[in-house]
Amino acid sequence: MTSTLLATHDLRVEVNGIPILSGIDIEFEQGMVYAVLGPNASGKSTLAKTVMGLPEYRVTGGDILFEGKSILGKSITERAQLGISYAFQTPPAIQGVKLEDFICRICPDYQCKTDSEHFMGAMCSCKDELYEDFDRLGIKNLAQRDLNDGFSGGESKRSELFQVLSMRPRIMFLDEPDSGLDYDSLKTVGRELKSIREKKEVTMVIISHHRYVLEFLEVDKVFILQNGRVVYTGDMDDIPVLEKKGYERFLAEVMR
Ligand SMILES: Nc1ncnc2c1ncn2[C@@H]1O[C@H](COP(=O)(O)OP(=O)(O)O)[C@@H](O)[C@H]1O
Ligand SMILES: [Mg+2]
């Protein structure tokens with residue numbers, strides 16, 4: 001049985017006094033996978049950042065409900081503690097914070113249960129699992145580097161995905177997780193997301209312009225945003241048609 005994990009009702013958002021979202025009604029169910037598509041500047045990232053609670057994104061109307069309760073009064077930290085997470089389209093660099101230390105700090109699974117020296121850089125067995133996971137995502141070489149600092153486009157996307165997964169989220173908004181990835185990295189990311197999808201524990205909302213990851217994952221539902229509104233709800237079968245026709249023609253035809 002499925003149940004709604006997160007929903008927006010008539011969500012209206014402005015940035016710097018300019019309206020960006022103009023009444024979004026959307027529901028994300030437990031364990032399902034969604035694609036949020038739409039032309040550039042249609043409001044996709046804004047929707048995800050507003051749900052996460054980034055302060056520039058001012059809610060001027062409507063509501064965001066997590067398990068039926070409004071989260072509008074909650075901080076980013078409180079939302080993250082509920083299990084809401086957002087992987088940035090362009091992940092910010094944080095100098096002075098090593099990827100490995102950051103991951104150990106946010107994820108109890110990688111924290112040494114016995115060795116208080118852990119955060120002082122001591123090697124201990126709890127790191128084996130962490131390094132296996134780094135290796136699976138092809139980012140072992142980044143473990144000792146400052147977070148996203150000088151990472152290539154593809155490296156920062158894989159590192160960002162790993163960070164979000166390490167928070168053990170209940171819902172993940174992945175903002176173009178496939179942009180800048182070469183063919184092999186695309187496969188790595190696709191496989192990782194597919195293995196999460198198979199467990200059906202985490203709700204995934206994937207913002208993307210490419211069909212590879214979406215088809216690989218077999219998304220359950222597709223939403224198309226245009227000018228800050230959901231203008232179309234469909235499924236996987238729409239993706240190749242959309243790719244062929246482009247948004248303008250596709251939407252003109254379906255909205256006729
Ligand atoms: N922090 C911001 N400051 C100013 N304008 C913003 C900001 N965030 C988003 N916008 C504007 O909101 C619109 C929607 O942006 P965005 O949600 O990033 O679109 P998408 O992700 O669909 O490409 C764009 O016109 C963009 O310039
Ligand atoms: Mg965007």
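Each ligand, and each atom within it, is numbered from 1 in the order the structure gives. Just so it is clear, the structure is predicted and the values come from calculations on it, not from any experiment. Note: hydrogens, waters and symmetry copies are ignored here, and every other heavy atom, side chains too, is used.
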Donor-acceptor check, side chain of T8 to backbone of I64, threshold 3.5 angstrom: yes or no? no

D175 (side chain) donor-acceptor with F88 (main chain) under 3.5 angstrom: no

Check each protein residue for a heavy atom under 4.0 Å from ligand 1 and list those that pass, ordered by chain and number. V15, N16, I20, P39, N40, A41, S42, G43, K44, S45, T46, Y57

Run the side-chain hydrogen bond (donor to acceptor under 3.5 Å, both in side chains) test on T4 and E27 for me, step by step, so that the C-alpha distance in whole Å, both residues' side-chain angles and the decisive distance to 0.1 Å come before the verdict. CA-CA 6 Å; T4 302; E27 286 194 2; 3.2 Å; yes

Can a salt bridge be assigned to the pair D184 and K187 using a cut-off of 4.0 Å between side-chain N and carboxylate O? no

Salt-bridge criterion met for R249 and E253 (N-O under 4.0 Å): yes

Across all chains, not counting sequence neighbours, the side chain to side chain donor-acceptor pair (under 3.5 Å) partners of E56 are none

Report the residues that fulfil side chain to side chain donor-acceptor pair (under 3.5 Å) with E218, sequence neighbours left out, ordered by chain and then residue number. none

Have a look around the Mg ion (ligand 2) and list protein N/O/S atoms under 2.8 Å, or say none. S45 OG, Q89 OE1

Separation between CG of L174 and CG of L217, rounded to the nearest 0.5 Å: 9.0 Å

Got a second to check how far S185's OG is from L161's CG, nearest 0.5 Å? 11.5 Å

